[in-house]
Every structure is written in structure tokens, then in C-alpha cells.
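Note that this is a predicted model, so its numbers are computed, not measured. Lettering of chains follows the sequences in order, A, B, ..., and the numbering in each one begins at 1.
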Protein chains: 2
Amino acid sequence: MHAPALIALDWGTSSFRAYLLSGEGEILEQISRPQGIITVAPGQFETVFEDAVGHWLAAHQSLPVIASGMVGSRQGWMEVPYAPCPAGTQELTAGLTLLQTAKGRRLWLVPGLRYEDTDGIPDVIRGEEVQLVGAGEGGQMRDGVYVFPGTHSKWAVVEGGRIVWFATFMTGEMFSLLRQHSILGRPMTDGPEDAAAFRKGVEGGLSNSGLLNRLFSVRTYSLFGMMPDSSLSSYLSGLLIGAEIAEARQRLGQRQAISALTVVGGAKLAPRYVQALEHAGLTARAVGEEATVRGLFHIARTAELCVTAG
Amino acid sequence: MHAPALIALDWGTSSFRAYLLSGEGEILEQISRPQGIITVAPGQFETVFEDAVGHWLAAHQSLPVIASGMVGSRQGWMEVPYAPCPAGTQELTAGLTLLQTAKGRRLWLVPGLRYEDTDGIPDVIRGEEVQLVGAGEGGQMRDGVYVFPGTHSKWAVVEGGRIVWFATFMTGEMFSLLRQHSILGRPMTDGPEDAAAFRKGVEGGLSNSGLLNRLFSVRTYSLFGMMPDSSLSSYLSGLLIGAEIAEARQRLGQRQAISALTVVGGAKLAPRYVQALEHAGLTARAVGEEATVRGLFHIARTAELCVTAG
């Protein structure tokens, strides 16, 4: 086994993940806890941190720590200003911000990114920029269009190894709201995924006829018995993902054709997005969420935070 | 005072309204209770009804009763099948369905309407069809485009005195969901309406650039201090109403230019919609919700349920 060279933290809204890495970027040990930043009371970040990885730091005293995700947001441990676009590995590295803990530990926080489209409305990402480093090659981002499914889905364009555009879509949150709290969710029963209902939804969403109206079809399909209640959830999911793809396409259309599409996400959502993109006539490859730890390793290496083999 | 000739019930999802009317359609007495159908346990509709208007029926034995709204839905007292479009006063009258109560009272329920657009997705209204009769002249619907703001906003087109098209938009429900349960609602504070923020929202919504993305601007405006927290709610309301207008316009564009626009609604929402329509370059007149009772009177008169002066 190689010697530990780096601790990488992926500390997001709903989960805490820590990795003990070798100088080659191998994962030697990992910890995953449901201690996302929303579960941490103000002033308690250091306690959670020490509790989780204190034993690693005690065993390997001078180990550097790099972290990304919502831990660097206003609701996190310390707010790291958003860096502007375009940004690649170099810009992210330059934006690393040092957090010195009460115990004297040194954590390097990766900045999120801010982007302002022609309409003057700012948009932000925090975490996906690191995944883009990890989804690339040799620590550099790879050109293409990327989709990050989630509560707030992100689409990003990499050109010349740097993120030049991105946009957020509230798809996942909208699904949860409608499923849990709206009139549409009431008749829904749990059932296996219904691929046909999902596809029908995707096609409805892609038609771009307007979500406020189209969503009501979930109700009328149920009302007139045109779809089993156990399929309504698949249909709703399809409608929203289809609408996201239509919106992203429309916005991207202003800058470029969609090619070299990559979906970065977990086993639950990524395949669903790849499927929906296929229904839209687009081919996508999927990359797992482990892109984060690879990205953190490459940024730490570029910053020479640790002795690496690279 | 004229003699009572009719009891008209507007029994919706969240409220119960009863009117004692003369043969001229004058309101002699009225009752309003927060006993919408969602508050009524199955089997208890007659109790609520008798409790509210039993004294009118006792005083004027043979008084006919006409009712509209969700009371005729599957969740209501008795389900009345949806009538097809096109439909005007005559078709609604022909669709009146008799409900004989355990006590032997006779209630006539007005049917809702069902419409199927070219995309094969059914849509429904229940209550607005009666308001269209009331918003017309002499018991006949007046040609034009109508907007009914609400939890589920409805747009309808009347041609040749009959409803030929309508569509539902989940605008009001979406606003409540996002205000109460989403990340967008968190920073919102109560404040007076902010007309400038509302207008900015309407313009964003009208731009039709996609709601899933555009909604996220509520968050980033707050994040970067670009809008006071007390204005975010006005902005969100504008975004959704603007998007509704854009969607309705797109769908209507397939059939006709929008002219003779009428907003039918209460004092809270109707002026907001008239304002938003103005931002969209459209002129609208507003008609109050009392259109319901006028509509019920005209349908009862057409059906000759009561002795009227008309």
C-alpha cells in the first residue's frame, strides 16, 4: 500500500465524504456520513470534521486537506468567493482559499464559480467544477457539454479546457415539491419505474409547450384513468427532465451544437438522464460521481499541496 | 323586497357560498363559509348544506337549488360527468344533473367541461364555465379571451357564444409550493408588493427562456444581494404569471390573436394579472367573481327551474 499523501473532502448539502489518498491518487480509505452542511449547527463544523477524520490527521500529521462543495458556501464552514468564468484547473487552483482551524489544521477550499449570461442574471455552481476536472484527462478539463443531474441540475460547456458557460435547472427540487406537496402527487403510488410513461413524459417536456400547462396533464391522465397511478411518478419525472433538456438546448443553441455530451452523476439519476437524452436524439456517456475525488486530487497536485507521484 | 325564487350555491374546493336570489336575479341574502369540499367528510355534504341553507328552504318550501364548482367533482357530493366543448349556456343547461338529497331536496348541479387539444391531452374546468355565462350578456357568453387567475389558472376562448378552447396553468399552486417549501422561499420576508420587482419578474417570465432555469434567478438575486429579500416574493409571482402569459399566448397563437381580453377574479389576483398583461402589451378589463352567481341565475332561468321576471 502506498503512503497517504492527501485528504480530500466532498462536503455537500446533504452528505459528507472524506477520502484518504495516496500520492498516485488511489483511494486508501474513505468515510461517508449523512452529515451534510444543513445538518451542522453553526460553529460545529470543526467538531464534525475532527470527529470524522481526526484519526487520519493524528496518524499522518502533516497531511494536507482539500475540500469542495457547499462547505465553502455562505451556509458552510467558511464562505469562499465565487471565481469568474472562464475557469479551468489553473483558475480553480489559483482560487484555493486557506481555512485554518482552531486546532491549527490547514484546509484548502476550492472556489465555486459564477457566470453571468447575456441577460445579466448570475448563476452559480459549487462542486461541479471539481467534477469537471475529474471527468477530464490528466487533471485538465476535456471539451464538451456536461450535465449534472440533481436537485439543481447543472449544464456546463468546456472549451479549451475551461468552463465557458453553465446554467442551473431546478428540476430535482421541482420533482420533489410536486411529488410531496402538490395536487399532482396525491394519487401517486409507489411502483417500479415505468419506462413507457417516462418516455411519454420526456416527449411532452421536450415539446416545449410550457411547463405550467403541461404539468396539469399528470392530473387529467389520472382523473380520466388514462395512466395507472403507479406510473404517474415516472411520467412526471420524464416531463421535468424533458423540459430541462429542451430549455438547455434552447439556451445552448445560442452558442453551439451539443456534441460530446457527458452525464456526471450517481447510479439513480444518470441512467435516467442518458435515456431521456437518447429520446431527444442525443448520445451521452455517463461518468460516476467519483469524478469529485479525482478532481480534488488533480487540483491538489496542481497546487503542489502534497508530494505526488504525478 | 322581491320574493325569493332561487338558491344558488358556489361550492368550491376551499369555500362554500350560498345566495338567496329573487326572480330578477337580485341577491336577497348571502352566506359564505370556509366549508369548501376539502373540509367536508364523505357523507357529510347534506349536513353542511342543511346547516347553511336549511332555514331558507324551510321558509320558502319549493325553492329550487342550483350549484356549481367542485361540489360536482369526484371529491364532491356527487360526480357530474364533464360535458364536451364547444359549450355555451344551452349545453350547460342541458347537462344539469339532479341530486335528490335524503331529505328530499332537489339540487341541480352544473356540469364541468372537458376539452381535448390536438396533443390528445384532456383538460378540465369546473366553475369557470358558469362565470363565463355571468360575465356575458343576458345569459349568453360574450366572445373573447378570458383569464381566470388562481391556484390553477384557466384561459378560455369564447366564440359564437360557446367555449371552444380552454387550458389550465398551475401558476398559483406553483407559487405556493415554491414560496413555502423550496429553497427559493427561504430568504423571502413579508413586505409590501414591490411593483418594480413584479414587473422584472413578468418580463423574465414572458421571455420564455424556460422556467426551470429562470426560477433559479430568485436564488442568485438573493445570494448576490441584487434584490431585497422583501421583494423576492413579488419577483417570483411576476416570473410565474409572465410565464403563464407566454405559454397561453403560444398555445392561443395557434388559433387566434388575443383580443377582447377579460380577467375574471377576486380583488387580490385580478389587478395583478391586468398589470402583467399590460406589461405584455395586452389590454384587459376585469370582472369580479360575482360573475358566478349571475351565471347560476341565468342557467337556472334558461332551464326554467324557477319563476323569473326575465
Without swapping roles, check the side chain of A:R251 against the backbone of B:G210 for a donor-acceptor pair under 3.5 Å. no
Counting heavy-atom pairs under 4.5 Å to chain A, which of [options] comes out on top?
| options | answer |
| --- | --- |
| B:L178, B:I183, B:T151, B:L215 | B:I183 |
| B:S182, B:A167, B:G204, B:S207 | B:S182 |
| B:R219, B:Q180, B:R74, B:E244 | B:R74 |

Chain B heavy atoms under 4.5 Å from [X]: which part of the residue, side chain, backbone, both or neither?
| X | value |
| --- | --- |
| A:E173 | side chain |
| A:E203 | neither |
| A:D119 | side chain |

Angle class for the A:H152/B:F216 ring planes (parallel below 30°, perpendicular above 60°, tilted otherwise)? perpendicular
Shortest non-hydrogen separation from [X] to [Y] and the atoms involved:
| X | Y | value |
| --- | --- | --- |
| A:L240 | B:L212 | O-CD1, 3.6 Å |
| B:I121 | A:S217 | CG2-CB, 3.3 Å |
| A:L177 | B:H181 | CD2-CB, 3.4 Å |
| B:M226 | A:G120 | CE-O, 4.0 Å |

Cationic tip of A:R214 within the cone over B:F169's six-membered ring, i.e. under 6.0 Å and within 45° of the normal? no
Examine whether an atom of B:E116 lies under 4.5 Å from a heavy atom of chain A, and if so say whether it belongs to the side chain, the backbone or both; otherwise answer neither. neither
Can you tell which part of B:K200 gets under 4.5 Å to a heavy atom of chain A, answering side chain, backbone, both or neither? neither
Report yes if some heavy atom in the side chain of A:T220 is under 4.5 Å from a heavy atom in the side chain of B:Y115; otherwise report no. no
Candidates B:N213, B:L184, B:L211 - the one meeting side-chain contact (heavy atoms from CB on, under 4.5 Å) with A:M170: B:L184
